[in-house]
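Below: one structure in structure tokens.
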Number of protein chains: 2
Amino acid sequence: MPYDPSAFPPFAVTVDLVVLTVRRHSLCALAVRRGEPPFQGRWALPGGFVRADEDLSQAAARELAEETGLRVHDPAAPAQDNGAHLEQLATYGDPERDPRMRVVSVAHLALAPDLPAPRAGGDASNARWAPVEELLEEGLGRDGEQAAPLAFDHGRILADGVERARSKIEYSSLATAFCPPEFTVGELRRVYEAVWSVALDPRNFHRKVTGTPGFLVPTGGTTTRQGGRPAQLFRAGGATLLNPPMLRPEV
Amino acid sequence: MPYDPSAFPPFAVTVDLVVLTVRRHSLCALAVRRGEPPFQGRWALPGGFVRADEDLSQAAARELAEETGLRVHDPAAPAQDNGAHLEQLATYGDPERDPRMRVVSVAHLALAPDLPAPRAGGDASNARWAPVEELLEEGLGRDGEQAAPLAFDHGRILADGVERARSKIEYSSLATAFCPPEFTVGELRRVYEAVWSVALDPRNFHRKVTGTPGFLVPTGGTTTRQGGRPAQLFRAGGATLLNPPMLRPEV
DNA sequence: GTGTTTATCGTCAGGCAGACGACTATGATC
DNA sequence: GATCATAGTCGTCTGCCTGACGATAAACAC
């Protein structure tokens with residue numbers, strides 16, 4: 001296959017972001033309202049064009065910072081935390097996915113702790129955290145505004161991102177990316193419960209996470225911010241893979 | 001972010017293929033020799049441009065057929081088998097990855113049973129199955145020709161594909177994609193052993209795979225093609241997820 | 001104090017995996 | 001044809017992990 005410069009069609013390349021967080025016991029995604037056609041007024045995932053001189057991950061990190069102010073957690077400097085986890089999710093390139101032109105979108109998945117408020121270029125009314133079920137629901141929305149379906153193929157992208165997050169917290173320590181730098185076992189458990197939409201036994205969960213070497217390191221402090229007996233505070237340990245994995249209950 | 005048509009740079013989009021198979025107890029990948037600069041004469045992964053009217057998966061399937069003659073296994077018609085498994089792997093878009101222009105490559109992973117011989121546009125000397133360690137080795141090649149390093153960032157892509165395959169056969173029935181339509185438990189075990197580069201206990205392996213519902217369905221036939229006592233023949237069952245997973249031994 | 005909430009420790013039974021013995025059925029070799 | 005080598009298949013045993021769940025501890029609200 002010769003590299004004839006006239007032999008390949010030009011594409012636009014974008015990054016779209018599935019930004020997930022846990023708010024009030026429910027898994028939420030960041031959605032922005034489209035201000036222009038197509039799909040004007042509808043909700044979509046944040047994203048934008050990849051610039052001529054930046055890598056895909058750089059573009060994703062830039063878009064994430066523009067939409068949320070989050071910096072990406074630097075694996076080299078885990079001390080200063082509160083950054084988000086960012087990874088590539090998948091690429092979507094159906095010829096019909098954008099009615100205007102041929103656009104290939106490299107979707108990324110970002111996980112962040114609960115944030116004060118979204119900001120989309122300073123315009124708060126055009127960005128929101130919405131429960132993922134609400135953004136993904138097939139049928140009609142409830143009263144007020146209808147969130148679903150998302151613009152373009154963003155519903156599919158969001159579903160893929162949610163599924164990635166749900167499965168990845170099984171065998172990795174990724175759930176800590178939803179937590180503040182210091183957190184309790186109970187807070188971590190509520191993350192799993194929100195992401196999986198299940199109830200977990202607090203005693204077995206405690207045994208599992210504290211018994212997995214390298215998963216959690218105690219900071220020595222305690223907190224009562226959840227009420228009840230004071231709980232130990234932990235930071236995420238160095239381990240990234242959980243072996244054996246956390247088992248997701250049936251259904 | 002307005003969609004100003006002059007605001008985005010044009011990209012070339014390609015698909016690159018990590019095609020894996022198991023030959024003579026070792027995990028091999030398909031490599032093609034580059035006939036022109038850059039990296040002329042070096043080995044690379046097969047791939048090509050995405051056409052203006054085709055989806056990414058279509059482009060990958062087309063390239064796979066062109067390079068190997070393999071058709072992609074149709075999930076809707078599992079009866080006629082001998083197709084390959086094909087899935088998207090990841091997308092690589094470093095601005096410097098191709099010295100000629102800005103190319104974003106959507107890599108795909110294909111798994112195939114052992115094949116008669118490669119064909120790259122009919123020219124056999126420009127395509128070969130090479131053990132992945134050979135293609136990935138850091139140092140110098142042995143006598144004869146040096147395979148590594150691959151052209152562009154294909155070494156990284158291949159490493160990612162191999163890692164995906166290694167981890168995915170843990171929790172899915174994907175290892176059967178390396179087998180012919182009918183296979184024995186021992187043949188399936190040798191696939192795991194080749195992909196993981198480990199030795200597995202034949203008795204425990206047999207208990208595991210035959211005890212997992214939906215993984216294997218006996219065809220009733222037997223074979224002695226491996227020597228020794230005749231072994232039952234199986235086909236891949238409908239189950240795609242293995243629960244609990246096959247455990248990969250420590251190193 | 002009493003009740004409520006959350007955290008944490010313990011106990012027990014069942015399931016599964018690793019280690020490994022035993023037996024079976026074929027082809028190869030003497 | 002007896003013997004050997006090779007693979008396949010069935011069992012047993014032990015230890016670890018999980019799910020279910022009782023019990024205790026330490027805070028706050030009244």
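Note that this is a predicted model, so its numbers are computed, not measured. Proteins get letters first, then strands, A, B, ... in listed order; numbering begins at 1 in each.
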**Q.** 5'-most by nearest nucleotide on DNA chain C - B:Asp201 or A:Pro202
**A.**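 Here A:Pro202 is the residue nearer the 5' end.
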
Q. In chain order, what residues pass the side chain to side chain contact (heavy atoms under 4.5 Å, CB included) check against B:Arg189, with sequence neighbours excluded?
A. B:Glu193, B:Leu200, B:Pro202, B:Phe205

Q) What integer distance in Å separates B:Leu200:CG from D:dG8:P? A)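 After rounding, the reported distance stands at 13 Å.
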
Q | Note, B:Leu30 side chain near B:Pro46 side chain (heavy atom, < 4.5 Å) | A |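 Answer yes - side chains close enough.
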
Q. Do you know the tightest heavy-atom contact between A:Ile157 and A:Leu89?
A. O-CD2, 3.8 Å

Q) Just checking, any donor-acceptor pair under 3.5 angstrom between side chains of B:Tyr92 and B:Asp160? A)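 There is such a pair (donor and acceptor under 3.5 Å, judged by atom type) between the side chains of B:Tyr92 and B:Asp160.
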
Run the side-chain donor-acceptor check on residues 226-242 of chain A: report pairs under 3.5 Å with partners two or more places apart or on a different chain.
from     : atom 1 : to       : atom 2 : distance (Å)
A:Gln226 : NE2    : A:Glu187 : OE2    : 3.2

Q) Between A:Leu247 (CG) and D:dT18 (P), how many Å, whole number? A) 6 Å

Q: To the nearest Å, give me how far apart CG (B:Leu188) and C1' (D:dT9) are.
A: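 Nearest whole value for this atom pair: 16 Å.
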
Q. With sequence neighbours excluded, what pairs up with A:His108 under the ring-ring contact (aromatic ring centres under 6.0 Å, His included) test?
A. none

Q: Please round to 10 degrees the angle between the axis of the first five pairs and the axis of the last five pairs in the helix from C:dG1-D:dC30 to C:dC30-D:dG1.
A: 10°

Q | side-chain hydrogen bond (donor to acceptor under 3.5 Å, both in side chains) against A:Lys208, all qualifying residues, sequence neighbours excluded | A |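 For A:Lys208, no residue satisfies side-chain hydrogen bond (donor to acceptor under 3.5 Å, both in side chains) once neighbours in sequence are set aside.
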
Q) For DNA chain C, which residues in residues 209-217 of chain A have a heavy atom at a distance below 4.0 Å? A) none

Q: Applying side chain to side chain contact (heavy atoms under 4.5 Å, CB included), run through A:Val185 and A:Leu216 and close with a yes or a no.
A: CA-CA 9 Å; A:Val185 172; A:Leu216 300 180; 4.3 Å; yes

Q) What are the two closest non-hydrogen atoms of A:Phe215 and A:Leu188, and how far apart are they? A) CZ-CD2, 4.1 Å

Q) So which heavy atom on B:Ala44 is nearest to which on B:His154, and how close? A) CB-ND1, 3.5 Å

Q. Looking for any heavy atom pair under 4.0 Å, which part of the strands does B:Arg225 touch: base, sugar-phosphate only, or nothing?
A.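 No contact.
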
Q: Under the side chain to side chain contact (heavy atoms under 4.5 Å, CB included) rule, collect the residues that match up with B:Ala177, sequence neighbours excluded.
A: B:His85, B:Leu111

**Q.** Which atom of A:Thr184 lies closest to which atom of A:Arg225, heavy atoms considered
**A.** N-NH2, 4.4 Å

(Q) I'd like to check the side chain to side chain contact (heavy atoms under 4.5 Å, CB included) partners of A:Ser167; sequence neighbours left out, ordered by chain and number. (A) A:Glu163, A:Glu170, A:Arg248

Restricting to nitrogen or oxygen on both sides, can you table the protein-nucleotides 12-15 of chain D pairs closer than 3.5 Å?
from   : atom 1 : to       : atom 2 : distance (Å)
D:dT12 : O4     : B:Arg207 : NH1    : 3.4

Q. For A:Arg190, which residues count as a salt bridge (charged side-chain N to carboxylate O under 4.0 Å, His left out) partner, sequence neighbours excluded?
A.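 A:Arg190: no salt bridge (charged side-chain N to carboxylate O under 4.0 Å, His left out) contacts found.
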
Q) Under the side chain to side chain contact (heavy atoms under 4.5 Å, CB included) criterion, do A:Asn243 and A:Tyr171 qualify, and how do the steps go? A) CA-CA 7 Å; A:Asn243 214 310; A:Tyr171 58 89; over 6 Å; no

Q. To the nearest angstrom, how far is A:Lys208 atom NZ from D:dG19 atom P?
A.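 Rounding to the nearest Å, NZ of A:Lys208 and P of D:dG19 are 9 Å apart.
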
Q | Annotated protein contacts, base or backbone, on nucleotides 23-30 of chain D with a non-hydrogen cut-off under 4.0 Å, one of B, S, - each | A | B-BBS---

(Q) Of all nucleotides in DNA chain C that come within under 4.0 Å of a heavy atom of chain A, which is furthest toward the 5' end and which toward the 3' end? (A)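 Range of nucleotides touched by chain A: C:dT5 to C:dT11.
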
Q | B:Phe183 side, atom CZ; B:Phe178 side, atom CZ - distance, nearest 0.5 Å | A |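 These two atoms lie 13.0 Å from each other.
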
